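Working notes, beginning with the structure itself.
Not measured: the values here are computed from a predicted model. First the proteins, then the strands, lettered A, B, ... as listed; each starts at 1.
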2 protein chains.
Amino acid sequence: MRIKDELKQDAIIQATVKLVNEIGFVSSSVAKIAREANVSPATIYIYYKNKEDLLVSTYVDIKQKLSEALLKNFDESKPFRDILKTVWLNGFEYVAKNIKHYQYAEQFSNSPYSDLVDHVKVEKHFEPMLKVLQKGIDQKVIKNVPHEMLAAFIFYPMMILSNPKLCKTLELSNENIEQAFTLAWDAIKF
Amino acid sequence: MRIKDELKQDAIIQATVKLVNEIGFVSSSVAKIAREANVSPATIYIYYKNKEDLLVSTYVDIKQKLSEALLKNFDESKPFRDILKTVWLNGFEYVAKNIKHYQYAEQFSNSPYSDLVDHVKVEKHFEPMLKVLQKGIDQKVIKNVPHEMLAAFIFYPMMILSNPKLCKTLELSNENIEQAFTLAWDAIKF
DNA sequence: ACAATAAATGAATGATCGTTTAATTTAGAC
DNA sequence: GTCTAAATTAAACGATCATTCATTTATTGT
């Protein structure tokens, strides 16, 4: 029996991310993705049920890796502020190194394709972080406000600042990243 | 001579926003938009050069109205914090009342269609706000950090919190909106 | 070496795409 | 009331779409 070529599947994913970034979902046909990945259009249907499945799977894949990256060196025993800062720096590092994947995810999550994703499952990897936030609230280290509100002032500004499409002129020097963290911390601290 | 039917153009724009929200750019064909607007596909080409022009014009239109809404009751003579709060409340009001238009804009700006927009022109309406921010910096009322960074902690959290797609469980009560503003202000104040 | 099996493919499918064209309708000028 | 010019349209264009199918290719177990 012949086995699936792992390189081939990876090539399909990379081609999908590249094309969707450059020409959008509208123009990224199965034929073009296949050509970019150097496979036959029919090959894509061996790995994925249909085009929609390809796009959704690619998104879930990226989100999973983003979650893992954010929680790198996660150590619940450290001081609360340090935990948050580690996540903060991890975020900038991930986006800087995986800008195409990040932008694919942003485009995807703002499109109706997003409705096809099981968000509960995707966000499950982020639970340790939510637990820590709650601990910070209980210990009166950070403000007692809903988690969404905290996220809106920690994780989203991070994502926006590291998105070169939105922040064209802002240089992401260590100094600027530190400074931005000060703002985030001032927002949520008790 | 017969004159263009203003109602017809408006119907086309509303149909575009509705369909792009519900089924995305990919599935929103000219034929479907025309059917939704109760006009012939050819009619769309009287008002717009092509499909791309329709989508871009719709976006610019929405952005223009958002800018106007944010700067409602803008009064440079008021205390800095009050100016900011007015903009903050305006933002929540606009998104709540125009959720479909807002989500169209979000989907658009995260897609490669965004590259076709003259962003300098679009953001020009927002200049009064930037001037006020600079005044706040000069008077040491808010932190001396790049404008993008300030925006990331004021305007973007506002947009995220008011987006029901992102904040499914957070009720947008006056209390929550006030509380969120406290976080924003704590982030940027000197 | 060969049979078995699944991966991989090129070509073809009918449907739908954006856009154009030629004909028709409509509202105002005289 | 008729003429005129622009608005509007239905129908048709070739191109491209997602997907399928019959066939070939590559790899494994014997």
Item to complete: Report yes if the side chains of B:Met158 and B:Phe181 come closer than 4.5 Å at any heavy-atom pair, otherwise no.
Response: no
Discussion item. Without decimals, in angstroms, what is the distance between B:Ile23 CD1 and C:dC17 P?
Written reply: 9 Å
Fill in: Note: A:Lys165-A:Glu106 ion pair, threshold 4.0 Å (strictly below)
no
Worksheet item: Between A:Lys49 and A:Ser27, which is nearer to the 5' end of DNA chain D once each is assigned its nearest nucleotide?
Response: A:Ser27
Response to the item:
Here the distance between atom C1' of C:dT19 and atom CD of B:Glu52, to the nearest Å, is 14 Å
Worksheet, complete the sentence: The nucleotide from C:dG18, D:dT19, D:dT8 with an atom nearest the side chain of A:Lys51 is D:dT19
Fill in: For atom CZ of A:Phe25 and atom P of C:dC17, their distance in whole Å
18 Å
Fill in: Sub-4.5 Å side-chain heavy-atom contact between B:Phe190 and B:Gln139
no
Worksheet entry | Rounded distance (Å) that lies between atom C1' of D:dA7 and atom CD of B:Gln9 | 13 Å
Discussion item. Measure OH/A:Tyr48 against P/D:dA18 and give the value in whole Å, please.
Written reply: 16 Å
Worksheet item: With a 4.0 Å cut-off, would you call B:Lys63 and B:Glu123 a salt bridge?
Response: no
Response to the item:
Within residues 30-46 of chain A, those residues having any heavy atom closer than 4.0 Å to DNA chain C are A:Val39, A:Ser40, A:Ala42, A:Thr43, A:Ile46
Worksheet item: Does B:Tyr59 have any ring-ring contact (aromatic ring centres under 6.0 Å, His included) partners at least two apart in sequence or in another chain, and if so, which?
Response: B:Phe108
Discussion item. Looking at B:Glu178 and B:Lys85, is any side-chain nitrogen of the basic one under 4.0 Å from a carboxylate oxygen of the acidic one?
Written reply: yes
Worksheet item: B:Tyr47 side chain N/O closer than 4.0 Å to the phosphate oxygens (OP1, OP2) of D:dA7?
Response: no
